[in-house]
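Naming convention: chains lettered A, B, ... in sequence-line order (proteins, then strands); numbering from 1 in each chain. Only heavy atoms go into these numbers, but all of them, side chains included; no hydrogens, no water, no symmetry mates.
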Amino acid sequence: MPELPEVETIVRGLAGTIVGKTIEKAAVALPKMAVAPRRVNFKRAVRGERIVSVSRRGKFTIIELGSGRCLIVSLRMTGRLIVLGRGQAAIPYEHVSLHFTDGSRLAFADSRQFGRMRLVERGELWDAHLGVEPLSGDFTPERFIGMLSGRTTPIKALLLDQRRIAGVGNIYACEALWGARIRPGTPAKALTKPAIRRLHDALVEVLQRSIAMRGTSVDDYVDVRGLQGGFQNALSVYGRAGSGCERCGRAIVRTVLAQRGTWWCRTCQR
DNA sequence: CCGCCGCCCTGCTTGC
DNA sequence: TGCAAGCAGGGCGGCG
């Protein structure tokens with residue numbers, strides 16, 4: 001499941017490989033995965049466009065085109081963006097492909113077909129619903145405290161809410177809560193200021209550490225070269241039901257919270 | 001504005 | 001061992 005660190009790794013990979021290339025042709029095998037504004041034909045619109053930059057907002061990849069239009073990619077759970085060389089065979093579930101004039105291509109593959117590549121107009125406000133970037137200077141402990149005040153929502157559900165903080169998914173919500181020694185079901189408003197500060201720091205720390213290790217490959221995630229990340233070997237709780245907690249040795253449990261699998265330590269997360 | 005629910009899909013796990 | 005059923009899950013639209 002690509003979350004912020006995985007998308008950041010992909011974005012860095014794309015920035016180093018496809019910026020400056022020109023789209024000769026788009027191949028769309030599954031039309032629902034390549035979305036364009038009304039009255040705009042996706043394939044026709046992207047033909048001839050040059051890739052100006054690649055960046056990230058939350059879990060979304062932003063491919064800026066010469067015209068000012070952007071391709072916004074959402075990978076959801078199983079989406080992949082892979083750069084392939086001239087003549088390389090199609091990869092599994094390669095549903096949308098941007099063929100460049102130099103013969104290489106960007107493949108957008110997704111076994112579950114939930115991912116989307118959306119063309120947006122220049123200046124279109126497509127990300128108004130997204131909250132603060134957790135690795136930006138805007139994400140201060142004070143702002144986080146304000147975000148939580150008065151809310152009865154379980155803290156883990158709030159961490160997953162993209163309207164508040166953009167980019168955190170199930171893996172890093174679980175890991176950050178373990179790092180801050182906070183029980184996932186705690187109502188947000190019940191957290192003390194020191195606890196909120198611990199969680200703020202744990203969240204930033206785990207995201208940064210994962211980026212440094214090129215993300216977590218537990219299921220489908222690979223980078224633009226098809227290589228796995230390294231953070232799956234550094235996980236403390238996610239997917240580790242039954243194994244011993246690194247702090248206290250008691251078994252990590254899996255429960256369900258807000259319709260999501262939740263891994264945590266009953267002993268040292270209070 | 002906010003929270004909740006259902007939907008989209010298919011690979012994988014579970015259970016008989 | 002083989003097969004069918006059921007689960008998982010991010011984002012979004014609809015609803016109250």
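Protein atom CG of Leu257(A) is 12 Å distant from nucleotide atom P of dG9(C), rounded to whole Å. Distance Ile72(A) CD1 to dG10(C) C1': 17 Å, rounded to the nearest Å. In this structure, Asp110(A) places its CG atom 10 Å from P of dT10(B), rounding to the nearest Å. Distance, Arg254(A) CZ to dT14(B) C1': 13 Å, rounded to whole Å. Rounded to an integer number of Å, the gap from Phe114(A) CZ to dG6(B) C1' is 12 Å. Regarding Arg112(A), its CZ atom lies at a distance of 14 Å from the P atom of dC7(C), rounded to whole Å. Nucleotide dC7(C) holds its C1' atom 13 Å from the CZ atom of Arg260(A), rounded to whole Å. Between the P atom of dC2(B) and the CE atom of Met147(A) lies a distance of 12 Å, rounded to the nearest Å.
Ser97(A) places no side-chain N or O within donor-acceptor distance of the main-chain N or O of His99(A), the cut-off being under 3.5 Å. Side-chain N or O atoms of Glu133(A) include one that pairs as donor or acceptor with a backbone N or O of Gly58(A) at under 3.5 Å. Between the side chain of Arg57(A) and the backbone N or O of Ala166(A) there is no donor-acceptor pair closer than 3.5 Å. With Glu175(A) contributing its side chain and Val237(A) its backbone, the two residues share a donor-acceptor pair below 3.5 Å. Using a distance-only test at 3.5 Å, with no hydrogens or angles considered, a donor-acceptor pair links the side chain of Arg270(A) to the main chain of Arg266(A).
A sub-4.0 Å separation between OP1 or OP2 of dC9(B) and a side-chain N or O of Tyr93(A) is absent. For the pair Lys32(A) and dC8(B), the criterion of a side-chain N or O lying under 4.0 Å from OP1 or OP2 is not met.
Stem regions annotated for DNA chain B: B:2-16 with C:2-16, counting only runs of 3 or more consecutive pairs of Watson-Crick or G-U type with both contacts under 3.5 Å.
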Using nucleotides 3-5 of chain B, report all nitrogen or oxygen pairs with the protein that are shorter than 3.5 Å.
| from | atom 1 | to | atom 2 | distance (Å) |
| --- | --- | --- | --- | --- |
| dG3(B) | OP1 | Arg151(A) | NH1 | 3.0 |

All N/O pairs under 3.5 Å across the protein-nucleotides 12-16 of chain C interface:
| from | atom 1 | to | atom 2 | distance (Å) |
| --- | --- | --- | --- | --- |
| dC12(C) | OP2 | His129(A) | NE2 | 3.2 |

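Residue contacts for Gly261(A): at a heavy-atom cut-off of 4.0 Å it reaches the sugar-phosphate backbone alone, with no base atom in range. The residue Arg116(A) sits apart from the nucleic acid: no heavy atom pair falls under 4.0 Å.
Looking at Glu246(A) and Arg240(A), a side-chain N of the basic residue comes within less than 4.0 Å of a carboxylate O on the acidic one, giving a salt bridge. Contact check on Asp223(A) versus Arg214(A) returns a salt bridge, with a Lys/Arg side-chain nitrogen under 4.0 Å from an Asp/Glu carboxylate oxygen. With salt bridges taken as basic N to acidic carboxylate O contacts below 4.0 Å, none links Glu49(A) and Lys21(A).
Screening Lys43(A), Met33(A), Met117(A) against Val28(A) for a side chain to side chain contact (heavy atoms under 4.5 Å, CB included) leaves a single residue, Lys43(A).
For Arg250(A), the CZ atom sits in a loose shell: 12 or fewer heavy atoms of surrounding residues, nucleotides or ligands are nearer than 6.0 Å.
Cluster annotation: Ile196(A) and Leu159(A) are assigned to the same hydrophobic cluster (Ile/Leu/Val/Met/Phe/Trp/Tyr, side-chain heavy-atom contacts under 4.5 Å, transitive).
Taking the six-membered ring for Trp and thresholds of 30 and 60 degrees, His129(A) and Phe60(A) have ring planes more than 60 degrees apart, a perpendicular arrangement.
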